[in-house]
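To start, the structure under review is shown below, and the notes come after it.
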Amino acid sequence: MDDVPVEQHAHWDAVYERKPEMFGKSPSASAVHAAKRFRQAGATRVLELGAGHGRDTLFFASEGFRVTALDYSVTGLHALEATAAQAGLDDLIETREHDVRAPLPLPDGSVDAVYAHLLLCMALSTEEIARLVEEVGRVLVPGGAFVYTVRNTSDAHYGVGIDHGDSIFETQGYAVHFFDPALVDALAVGWNLEDVEPDEEGPLPRRIWRVTQTTPAM
């Protein structure tokens with residue numbers, strides 16, 4: 001699957017160019033849930049991985065969080081920056097082009113919470129996902145919360161289309177790494193796993209898990 005991430009990078013740039021608001025303007029249900037969880041924990045600094053055109057980023061900022069939004073699509077980030085400026089939220093949002101296969105560009109313990117909606121289930125190998133979760137733990141403060149969503153193996157697209165190995169299947173140009181319970185458990189080793197909630201989103205519908213885990217408190 002060596003060429004898949006490169007192909008997906010170009011694919012997502014093209015998608016955001018054609019459909020800058022393909023996911024709509026309203027925040028995802030997962031972002032609304034995450035904001036409540038972050039607020040309860042007293043978080044103010046949020047890191048979002050795979051922000052895309054920023055519907056969830058904008059929501060977090062509108063709720064008063066200071067957000068660092070990462071994505072490897074420059075096209076998506078430019079759309080986010082323009083919308084943030086129009087909404088008067090640009091002071092609360094910092095965007096950075098970044099490929100999550102590389103170490104996160106933040107210091108240790110620099111954010112209170114991390115959010116990733118359907119980012120971990122992109123065209124990333126199990127090894128790359130594990131390294132990313134380690135990086136998330138590094139940049140979080142002790143007791144910091146990580147809320148992420150992934151498509152799971154009960155999804156209708158699991159096992160369909162081009163099989164790239166490592167539970168990654170590609171349909172209509174979109175490559176997805178489908179999660180099973182064992183992978184969720186493995187990624188929570190060394191963390192406090194609070195809950196794994198099943199949910200559905202969008203057409204088909206996509207079957208997802210919303211996972212909440214926290215770093216050990218000091």
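A quick note: this is a predicted structure, and the numbers were derived from the prediction, not measured. In this chain, residues are counted from 1 in sequence order.
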Leu119 and Val100, any side-chain heavy atoms less than 4.5 Å apart: yes
Residues in salt bridge (charged side-chain N to carboxylate O under 4.0 Å, His left out) contact with Asp185, at least two apart in sequence or another chain: none
hydrophobic_cluster_shared for Leu187 and Val211, side chain cutoff 4.5 Å: yes
Exercise: identify the closest heavy-atom pair between Asp163 and Phe169: CG-CE2, 3.5 Å
Distance-only donor-acceptor check, side chains His177 and Ser167, under 3.5 Å: no
ILVMFWY cluster, Val32 and Val67 together (side-chain gap under 4.5 Å): yes
Flag side-chain contact, heavy atom, 4.5 Å: Leu47 against Val136: no
Residue pair Tyr148, Arg210: steps toward the side chain to side chain contact (heavy atoms under 4.5 Å, CB included) verdict: CA-CA 6 Å; Tyr148 71 88; Arg210 184 174 64 234; over 6 Å; no
salt_bridge(Glu134, Arg131) N-O dist < 4.0 Å: no
Aromatic plane relationship, Tyr115 with His117 - under 30° parallel, 30 to 60° tilted, over 60° perpendicular: parallel
Validation row: Val176, Met122 side chains within 4.5 angstrom (heavy atoms): no
Flag for Ser154-Asn152: side-chain donor and acceptor within less than 3.5 Å: yes
Verify same cluster id: Phe179, Leu124 (apolar side-chain graph, 4.5 Å): yes
Any Leu140 side-chain heavy atom under 4.5 Å of Val114 side chain: yes
Glu97 vs Asp71, side chain to side chain contact (heavy atoms under 4.5 Å, CB included): CA-CA, chis, key distance, verdict: CA-CA 5 Å; Glu97 180 188 0; Asp71 202 284; over 6 Å; no
Phe178 and Cys121, any side-chain heavy atoms less than 4.5 Å apart: no
Pair Asp166, Ser125: side-chain N/O donor-acceptor within cut-off below 3.5 Å: no
With Ala35 via side chain to side chain contact (heavy atoms under 4.5 Å, CB included) - residues at least two apart: Arg39, Phe59, Phe60, Phe65
Donor-acceptor contact below 3.5 Å, side chain His98 vs main chain Leu49: no
Val141-Val133 co-clustered via ILVMFWY side chain contacts under 4.5 Å: no
Linked, directly or transitively: Ile129 and Trp191 (ILVMFWY side chains, under 4.5 Å): yes
Steps toward side chain to side chain contact (heavy atoms under 4.5 Å, CB included) verdict (Val111, Leu106): CA-CA 9 Å; Val111 294; Leu106 284 83; 3.6 Å; yes
Closest approach of Ala175 to Ile168 (non-hydrogen atoms, all atoms of both residues): CB-CG2, 4.2 Å
Distance-only polar pair, side chains of Asp112 and Thr44, donor-acceptor under 3.5 Å: yes
Residues Glu194, Thr214; criterion side chain to side chain contact (heavy atoms under 4.5 Å, CB included); working and verdict: CA-CA 7 Å; Glu194 289 190 358; Thr214 59; 3.3 Å; yes
Partner residues of Arg207 under the salt bridge (charged side-chain N to carboxylate O under 4.0 Å, His left out) criterion, sequence neighbours left out: Glu200
Residue pair Leu104 / Arg138, side-chain heavy-atom distance below 4.5 Å: yes
Leu70 side chain near Pro105 side chain, heavy-atom distance below 4.5 Å: yes
